[in-house]
Undergrad: 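Dropping the structure in here first, questions after.
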Amino acid sequence: MEKVRKILVHLSKDNAAPQCARFVQSITGHFAGSVDDQATVNCSLENNRFVLCEGSQEGGVPLKRAPFCPIKFLSHSEAASLPPDTLNRGVDVGVAVLLETANQRLLLTRRAATLRIFPNVWVPPGGHVEVDEKMLDAGLRELREETGLKLNPEDISSTRLLGLWESVYPPMLSRGLPQRHHVVTYMLLSSRLTHLQLQSCLRPEPLEVSGCVWADVGLVKAIISAVDGEEDSVHLPTDLPQYVSVMEVSPVGELSESMVPVLVFCNRAPAQGEDVERVSTGTKFALELWLKILEAHCEKT
């Protein structure tokens, strides 16, 4: 048997044996069809394969893609023009950790400007799942490598799978043919510590992270109000501060505070030209799921 070199997405439908997804295959479309952009699936990490199959509304998790997902609109001729090493990549698996503090803040990090994929974009800490690694272990490892935060089991009150996001780079066909294709697993990790307690342990890796922010509910609501692909104006609540405290990371890893306009976090993914500093579309999806959990909790209490 050939040795597994990396974790790839495998798809199963109608109880068929899982098959390795092709790079140009729409993962969401496999379950939702060519029009809809969201499906409910079950997922599992089995023998170094990330297997997706049809799920029920009760026990499944949401799988979503952007309405402008490049794979959704990729023509046969465009797919055929991709380099062989891209076509043969398969669909990679990533994990992103939404670290929720005891006082309901979420840690977001700005990707370093030197990174090839999504530079200067705000996302939760995360990265690829490695061979023989469990999903939660991968998330905790990426959190530690990118931010320096090493959480002990007693620091964690709960973990849960929020949802899956089909991520493609570049994020729109108008900005170039696809180079990377992932399914990102968003995990919510609730800490018993406040953001101030965690802040003292923050040691970001400057090659990967250029800034950190502890986003509160008000900022999160503002972020998800700026829907990528839409052009309507963003209306911020009058009681929301116009600036947000951000910890800037120097090239040698030193931290300094700066005040960044809230509107930076409300930037949308541009259809043309260079990308801008913004929160990624997949992150907005995960933040919206987090807000729904908070609202449901408030209704129960």
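These values consider heavy atoms only, across backbone and side chains, with no hydrogens, waters or symmetry-generated copies.
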Undergrad: Taking atom types as modelled and ignoring hydrogens, do the side chains of H182 and E166 form a donor-acceptor contact shorter than 3.5 angstrom?
TA: no

Undergrad: For A112, what residues pass the side-chain contact (heavy atoms from CB on, under 4.5 Å) criterion, not counting sequence neighbours?
TA: T114, L115

Undergrad: Using distance alone, with no hydrogens and no angle criterion, decide if H195 and N103 have a side-chain donor and acceptor under 3.5 Å apart.
TA: yes

Undergrad: Can you say whether the rings of F285 and W165 are parallel (under 30°), tilted (30 to 60°) or perpendicular (over 60°)?
TA: tilted

Undergrad: Between S191 and D155, do the side chains contain a donor N or O and an acceptor N or O under 3.5 Å apart?
TA: no

Undergrad: Which heavy atom of V91 sits nearest a heavy atom of F23, and at what distance?
TA: CG2-CA, 4.2 Å

Undergrad: Are a donor atom and an acceptor atom from the side chains of S26 and R65 found within less than 3.5 Å of each other?
TA: yes

Undergrad: Is it the case that S256 and E248 place a side-chain donor and acceptor less than 3.5 Å from each other?
TA: no

Undergrad: Which pairs with one or both residues in residues 67-79 pass side-chain hydrogen bond (donor to acceptor under 3.5 Å, both in side chains), sequence neighbours excluded?
TA: D37-K72, S75-S77, S75-E78

Undergrad: Hey, quick one: are V217 and L193 part of the same hydrophobic cluster, counting side-chain heavy atoms closer than 4.5 Å, chains of contacts allowed?
TA: no

Undergrad: Taking salt bridge (Lys or Arg N to Asp or Glu O under 4.0 Å) as the definition, give me every residue that meets it alongside E288, ordered by chain and number, with sequence neighbours left out.
TA: none

Undergrad: For the backbone of G33 and the side chain of D36, can you confirm whether one donor and one acceptor N or O come within less than 3.5 Å of each other?
TA: no

Undergrad: Check E230 with R268, please: is the shortest side-chain N to carboxylate O separation under 4.0 Å?
TA: no

Undergrad: Can a donor-acceptor pair be found between the side chains of N120 and D275 at a distance below 3.5 Å?
TA: no

Undergrad: Can you tell me if K13 has over 12 outside heavy atoms packed within less than 6.0 Å of its NZ?
TA: yes

Undergrad: Can you check whether L287's main-chain N or O pairs, donor with acceptor, with K292's side chain at less than 3.5 Å?
TA: no

Undergrad: Using a 4.5 Å cut-off on heavy atoms from C-beta on, say whether the side chain of L164 contacts that of V184.
TA: no

